[in-house]
Structure formats: C-alpha cells, structure tokens
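What follows is a short report on a single structure.
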Amino acid sequence: MPREGAASRTRVVAFGPGRVNLIGEHTDYAGGLSLPFAIEEGVTVTATAIAGGDVEAHAVDLGEEDSFPLADPGRDAAGWRAFVRGTAAELTASGHELRPARLEITGTVPEGSGLSSSAALEVALALALLALAGEDEPDRVALARLCSRVENDWVGANTGLLDQLAALLGEQGHALRIDFRSLRVTHVPLEIGDWRLVTVDSGEAHTHAGSGYNARRRECEEAARRLGLDSLRDAQEADLARLPVPLDRRVRHVLGENARVDATVDALREGDLARVGRLLDGSHTSMRDLYDASTAAVERTVAALKDVGAAGARMVGGGFGGHVLALFGPGDRPPHGARPVSPGPGARIVER
Ligand code: GLA
C-alpha cells in the first residue's frame with residue numbers, strides 16, 4: 001500500500017553505489033565470505049510521479065527510452081530495460097504498490113567493469129520507486145534478495161548477493177565482512193593511511209549473463225551435490241580428492257578464498273597493509289589458476305601494475321574481463337588512468 005502522504009510526494013532522487021570487492025570472489029553463491037565496500041561512484045535515479053498507468057524510463061547516458069505498463073512490465077526486454085522492468089515487476093509481486101513514474105537514470109560506474117553497475121542500478125531504481133510510493137525504510141536485506149532476483153530471473157545472470165548487499169549495507173570508511181551462510185554483516189574499518197587503492201580498466205568488458213560466470217556457478221553446485229553438501233562452505237580439504245577435475249580446483253579456490261577474507265580482516269585490524277597486498281595477489285592467482293576466470297587483457301593489466309610497484313593486484317568482481325584492483329604503498333605511484341577508490345556510504349535517498 002502507498003503510505004500516507006505519498007500522494008503529495010511528486011519527485012524523489014535515489015542513489016545506488018557501485019562496489020569494489022576487496023577480497024572474497026566467487027564465494028557468495030557458495031555460502032562463503034566476502035569483504036566488499038560501496039564506492040562513491042554509482043547510479044542516480046530521479047523518479048517523478050506521472051498520470052496514467054505506465055513507467056517511462058530514460059537512460060540519459062545512452063540516450064535511450066523505454067515505457068511499459070506498471071501492471072504488466074512484460075519480459076521481452078534486454079540490457080538496461082530488463083533491469084528497470086524486472087525491478088518494477090519484482091517490487092509489485094512482493095506487495096509494494098508502486099506509482100506510475102518517469103525515471104531519469106544517470107550513472108558514473110562503467111558498465112561491464114566488475115564494479116557492479118548493475119546492482120547500483122537495481123538498488124537505485126528500487127529505492128526511488130519505493131520512496132515515490134512513500135516507503136522510505138525498506139528492509140534492506142529483503143531488498144537485496146529482490147534485486148538479486150532481477151539479475152537471475154530477468155537478466156539471466158545467476159549471480160549471488162554480494163553486489164546488492166554491498167550497495168545497500170555499505171558504510172562510509174568501512175568494508176563489509178559478509179558471511180553468506182548466515183547473512184551476518186560486520187563493518188570492518190578500512191583505514192589505509194597513505195596507502196592507496198585504485199582500479200584500472202583491463203579494456204575488456206564482461207557480462208555475467210554472457211561470460212563463464214554461470215558455468216562456474218553450475219560447477220560449484222555440482223561439486224556440492226557430489227559431496228552431499230548444502231553449500232561449499234562446509235567442504236573440507238580432504239573432500240578435494242573425491243572430486244573430478246576441474247571441480248576439485250573450483251572448490252580449492254573457494255576454500256582458500258574464504259580463508260583469505262578472514263586473513264585480510266586480521267591484517268587490516270593489525271594495520272599490516274603489505275600482507276593485505278600479498279593476500280590480493282593470492283586471490284588473483286587462485287581466480288586465474290584454480291577458477292580459470294582470467295583473460296589475457298586482465299593478466300597484462302595485473303602484470304603492468306605489479307611492474308610499477310603495486311603491493312597487490314587482482315581482478316575484481318566476476319572476472320572474465322573488467323577492472324583490476326591494486327594496492328599501492330606510500331612510496332609507489334599508480335599508473336596514469338588508475339582511479340582511486342574509497343569506501344563510501346550505501347544506497348540512499350538523496351532528495352525527496
Ligand atoms: C559478480 C556477482 C556476485 C559475485 C561476484 C564474484 O559480481 O554479481 O554475486 O558472485 O561476481 O565474487
């Protein structure tokens with residue numbers, strides 16, 4: 001039901017941040033651990049109430065439009081349109097009574113970058129549509145699940161909850177240690193002094209729906225099934241011998257990556273950033289050699305960053321292209337074109 005006073009609200013602006021996953025990659029759908037943070041860049045959605053029964057959407061940066069009946073968004077859309085229609089449809093299906101609206105969408109996260117432009121878009125859309133209907137404080141974990149259904153069922157990317165939880169629960173100055181089995185989130189101060197975190201574009205965009213992402217997820221599910229486990233979180237080193245190639249390597253990655261998340265939390269608490277760098281390198285090697293999620297362009301980017309003195313460098317997000325995250329010590333200079341990233345606040349209404 002629209003809340004009291006909603007009808008008097010005619011325009012809201014919502015912001016959804018992108019995210020950098022410091023470490024803990026391809027562990028979310030295996031009930032594992034990750035350590036992402038929301039970034040300052042993201043997607044802004046301005047929603048204005050309109051008469052009639054439609055949603056009109058304008059992707060300002062692309063110069064493209066879409067329009068669909070709120071009562072029946074239809075499934076025959078691809079690209080950014082599938083996100084908009086899916087978000088509206090999933091909110092309605094969950095009992096939210098949305099209002100017809102015009103949506104202006106602008107963004108600062110490059111698409112296909114591994115910095116989660118898609119979760120930024122979903123959460124900004126959801127917060128804007130809900131706020132226009134007078135709902136300002138939705139349950140953020142439930143909303144993360146809803147946005148993840150948009151990816152899975154409307155866009156065809158069988159992704160987990162990492163990006164949506166990072167965007168919705170992010171906090172200025174903090175990374176989030178997320179335990180995907182319990183959905184327990186711990187805010188970990190990300191204090192790096194005069195060290196710097198940067199991202200560098202590998203020059204190769206990816207889509208989760210079109211890359212090896214879904215295949216990796218299927219392999220993990222198959223491995224869990226063969227081991228008789230609900231999730232790979234419960235797998236042990238000793239189980240690896242019971243799995244055929246390459247499922248054994250996939251599980252070895254997940255086990256090692258979960259351990260690296262907690263080692264990174266410890267290293268951050270101790271202020272041992274050189275160790276954080278080594279853990280980032282370890283994550284990259286594992287994603288490349290055990291998870292087979294790297295590409296030649298990503299490898300060239302990582303090698304170039306290490307050559308100029310990065311303490312650690314790793315592909316970020318789903319892999320198969322996208323951006324590389326690197327950590328630089330106080331004496332070392334990131335290369336030209338590197339974008340500094342720091343932990344910003346989570347998704348929010350910026351104007352109502
Ligand atoms: C993408 C997905 C996430 C997660 C990462 C890999 O960003 O959307 O759910 O699986 O890849 O860690």
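Remember, it's 1-based here, ligands and their atoms both numbered in the order they're listed.
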**Message:** With a cutoff of 4.0 Å, is S116 in contact with ligand 1, counting heavy atoms of the residue only?
**Reply:** no
**Asked** Does at least one non-hydrogen atom of R216 fall below 4.0 angstrom from an atom of ligand 1?
**Response** no
**Message:** Check this for me, if you would: do D332 and R196 make a salt bridge, where the nitrogen-to-carboxylate-oxygen distance has to be below 4.0 angstrom?
**Reply:** no
**Prompt:** If you measure from the Lys or Arg side-chain nitrogens to the Asp or Glu carboxylate oxygens, is any gap between D76 and R85 under 4.0 Å?
**Reply:** yes
Ligand 1 N/O within reach of [X] N/O, cut-off under 3.5 Å:
X: R19; value: yes
X: E25; value: yes
X: Y29; value: no
X: G317; value: no

**Request:** Taking the side chain as every heavy atom from C-beta outward, state whether L280 and L22 have any atom pair closer than 4.5 Å.
**Result:** yes
What are the atoms of ligand 1, with element, lying closer than 4.0 Å to any heavy atom of [X]?
X: G160; value: 9 (O)
X: D163; value: 1 (C), 2 (C), 3 (C), 7 (O), 8 (O)
X: Y213; value: 1 (C), 2 (C), 3 (C), 4 (C), 9 (O), 10 (O), 11 (O)
X: D28; value: 3 (C), 4 (C), 9 (O), 10 (O)

**Message:** A313: which residues meet the side-chain contact (heavy atoms from CB on, under 4.5 Å) condition with it, sequence neighbours left out?
**Reply:** V302, L305, K306, V324, A326
**Item:** Nearest heavy atoms of L162 and S34, plus distance in Å
**Value:** CD1-CB, 3.6 Å
**Ring-ring centroid check H174 F37, cutoff 6.0 Å** = no
Side-chain polar contacts of residues 44-59 - donor-acceptor pairs under 3.5 angstrom, sequence neighbours left out - could you list them?
residue	atom	partner	partner atom	Å
E56	OE1	R102	NH1	3.2
H58	ND1	E104	OE1	2.8

